[in-house]
Amino acid sequence: MSTDHEWGPTGPQERVLDRGPTAIAHPNIALIKYWGKRDERLIIPYVDSLSMTLDVFPTTTTVRLDPAARTDTVTLDGTPATGEPRQRVIAFLELVREMAGRTEPAAVDTRNAVPTGAGLASSASGFAALAVAAATAYGLDLDDTALSRLARRGSASAARSIFGGFALCHAGQGVGAAADISSYAEPVPVPDFAPALVIALVNAGPKAVSSRAAMRRTVETSPLYQAWAASSKDDLTDMRAALGRGDLEAVGEIAERNALGMHATMLAARPAVRYLSPATVAVLDGVLQLRRDGIPAYATMDAGPNVKVLCHPADAARVAEGVLGAAPGCSVVTARCGPGARLRTGAEQ
Ligand code: 2P0
């Protein structure tokens, strides 16, 4: 988390406190994926993961304590949240209150800068921003490791969005409290390596299966899951070495094989979980063609049909062109490495 909040003794501070603290966090894309929990209550992953935080699609969240209210209120992009999204935010607030020894309800207002229907609404940026804003609102003084651990309780991928650039999330060891304390993300400093990620937004309807349900089904029923989890350890070792060398080709190859392996585990689940659509496969063909044309470009996909293509920044325009040629119905956004979660400063109010 950045520490540029201006807690000055003058007017702006009063206004910030009146409204409650506001935090901003960006989504991240895993180059080594998290898929599967070994503890669903504490949200402890089976495997370590490694991601790049983006500089696009931030989430902005304000948490205002409301001692006079009877319950928490949750507003998502200007509309009152209902159902599971609301329940997940309230469960997270309960956890923060328990940690802080506080009881006041809160009003949470969260906004995602994601184009409508893009299918990129991110629980990673969402829970990272909520962790920073809620911890501040309830007076918890947490360092970045503790914030990451807290964000993980909302969504494991959110642990990584506390940090900018590249971040490694530890699956942790042991069970119960030992697992909780040892599962958090930390930054992976990668000097002189700043790739671009061309995001191909594939037009898609709502997700058929939530990632939470899909990963549970995969762990419980896919005969390929344990093999992928074991190979992911080697992928992580290789990835760290490739990042250290600033070797885009190796980083891309490892990320692509890790993602395709994760999707293979889902395809082998019973019943199968398939997030990849015909347009996804068309983009993958476009990426192969780019490589045949001598442009290093590598694909990764998450719990949805969108494709993120890793490349040199100088090739990003050519990659976007290749992607659009292969899948004319999609739109593209080019991202770079982005910042960690932070409180919005008084000057930004
Ligand atoms: C990841 N994904 O590493 C992986 C790759 C999707 C595919 O993290 O259940 O929303 O809240 O911990 O973090 C999406 O799952 O799941 C995800 P929960 P989350 O980015």
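For ligands, and for the atoms within them, numbers begin at 1 and follow the listed sequence.
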Q: Could you list which atoms of ligand 1 come closer than 4.0 Å to a heavy atom of Lys37?
A: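 In order of numbering, the contacting atoms are 9 (O), 12 (O), 18 (P).
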Q: Within a distance under 4.0 Å of any heavy atom of Met262, pick out the atoms of ligand 1 and give their elements.
A: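 Those qualifying, in numeric order: 5 (C), 7 (C).
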Q: Among all protein heavy atoms, pick the one closest to atom 19 (P) of ligand 1 and tell me residue, atom and distance.
A: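 Nearest protein contact, heavy atoms only, for atom 19 (P) of ligand 1 is Ser155 OG, 3.5 Å.
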Q: Give the numbers and elements of all ligand 1 atoms closer than 4.0 Å to a heavy atom of Ile43.
A: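 So the atoms of ligand 1 that pass are 12 (O).
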Q: Does CG belonging to Asp141 count more than 12 external heavy atoms closer than 6.0 Å?
A: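 Not buried by this count: 12 neighbours or fewer within 6.0 Å.
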Q: State the atoms of ligand 1, each with its element, that fall below the 4.0 Å cut-off from a heavy-atom position in Arg212.
A: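 In order of number, 9 (O), 11 (O), 18 (P).
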Q: Taking the side chain as C-beta and beyond, is there a heavy-atom pair between Trp228 and Asn258 under 4.5 Å?
A: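 In short, these two side chains touch, coming nearer than 4.5 Å.
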Q: Is Val108 reachable from Leu150 through a run of hydrophobic residues whose side-chain heavy atoms are each under 4.5 Å from the next?
A: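 Both belong to a single hydrophobic cluster.
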Q: Which heavy atom of Ala196 sits nearest a heavy atom of Thr334, and at what distance?
A: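 Heavy-atom minimum between the residues: CB-CG2, 4.1 Å.
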Q: Describe, in one word, how the ring planes of Phe92 and Phe127 are oriented to each other, choosing from parallel (under 30°), tilted (30 to 60°) and perpendicular (over 60°).
A: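 The rings of Phe92 and Phe127 sit tilted, inter-plane angle from 30° to 60°.
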Q: In terms of heavy-atom contacts, does CZ of Arg336 have more than 12 from other residues, nucleotides or ligands at under 6.0 Å?
A: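 More than 12 within 6.0 Å, yes.
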Q: Measure Arg160 to ligand 1 on non-hydrogen atoms and call it side chain, backbone, both or neither using the 4.0 Å cut-off.
A: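 Within the 4.0 Å criterion, Arg160 contacts ligand 1 through side-chain atoms alone.
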Q: Under 4.0 Å from a heavy atom of Arg88: give me the atoms of ligand 1 that qualify, with their elements.
A: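 What qualifies from ligand 1 is 11 (O).
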Q: Is ligand 1 under 4.0 Å from a heavy atom in the side chain of Ser49, in the backbone, in both, or in neither?
A: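 Under 4.0 Å from ligand 1, Ser49 contributes no heavy atoms.
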Q: Which residue and non-hydrogen atom of the protein lie closest to atom 10 (O) of ligand 1, and at what distance in Å?
A: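 Looking at atom 10 (O) of ligand 1, the protein heavy atom closest to it is Ser123 OG, 2.7 Å.
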Q: For Val190 versus Leu243, what's the shortest heavy-atom pair and its separation?
A: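 The answer is CG1-O, 3.4 Å.
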Q: Would you say that Leu130 contacts Thr110 through its side chain, given a criterion of any heavy-atom pair below 4.5 Å between the two side chains?
A: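 When only atoms from C-beta onward are counted, Thr110 and Leu130 do not touch, as no gap falls below 4.5 Å.
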Q: Is there a donor-acceptor contact under 3.5 Å from the side chain of Ser232 to the main chain of Ala229?
A: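 A pair under 3.5 Å: no.
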Q: Return a yes/no value for Lys33: is any of its N or O atoms, backbone included, closer than 3.5 angstrom to an N or O of ligand 1?
A: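 There is no such contact.
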Q: Can you tell me if Met215 has a non-hydrogen atom under 4.0 Å from ligand 1?
A: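 Flag set, Met215 near ligand 1.
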Q: When you compare the side chain of Phe57 with that of Val333, does any pair of heavy atoms fall below 4.5 Å?
A: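 When only atoms from C-beta onward are counted, Phe57 and Val333 do touch, with a gap below 4.5 Å.
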Q: Of the backbone atoms (N, CA, C, O) and the side-chain heavy atoms from C-beta on, which set of Ser211 has a member under 4.0 Å from an atom of ligand 1: side chain, backbone, both, or neither?
A: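 Only the side chain of Ser211 comes within reach of ligand 1.
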Q: Nearest protein heavy atom to atom 7 (C) of ligand 1, by residue and atom, and its distance?
A: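 Sorting protein heavy atoms by distance from atom 7 (C) of ligand 1 puts Asp302 OD1, 3.6 Å first.
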Q: Considering only protein heavy atoms, which is closest to atom 13 (O) of ligand 1, and at what distance to one decimal place?
A: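 The closest heavy atom on the protein side is Ser157 OG, 2.6 Å.
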Q: Taking only heavy atoms of Ala30 into account, list the atoms of ligand 1 that are under 4.0 Å away from them.
A: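 Near Ala30, the atoms of ligand 1 are 1 (C), 3 (O), 20 (O).
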Q: Do me a favour and list the nearest non-hydrogen protein atom to atom 12 (O) of ligand 1 with residue, atom name and distance?
A: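 Looking at atom 12 (O) of ligand 1, the protein heavy atom closest to it is Tyr34 OH, 2.7 Å.
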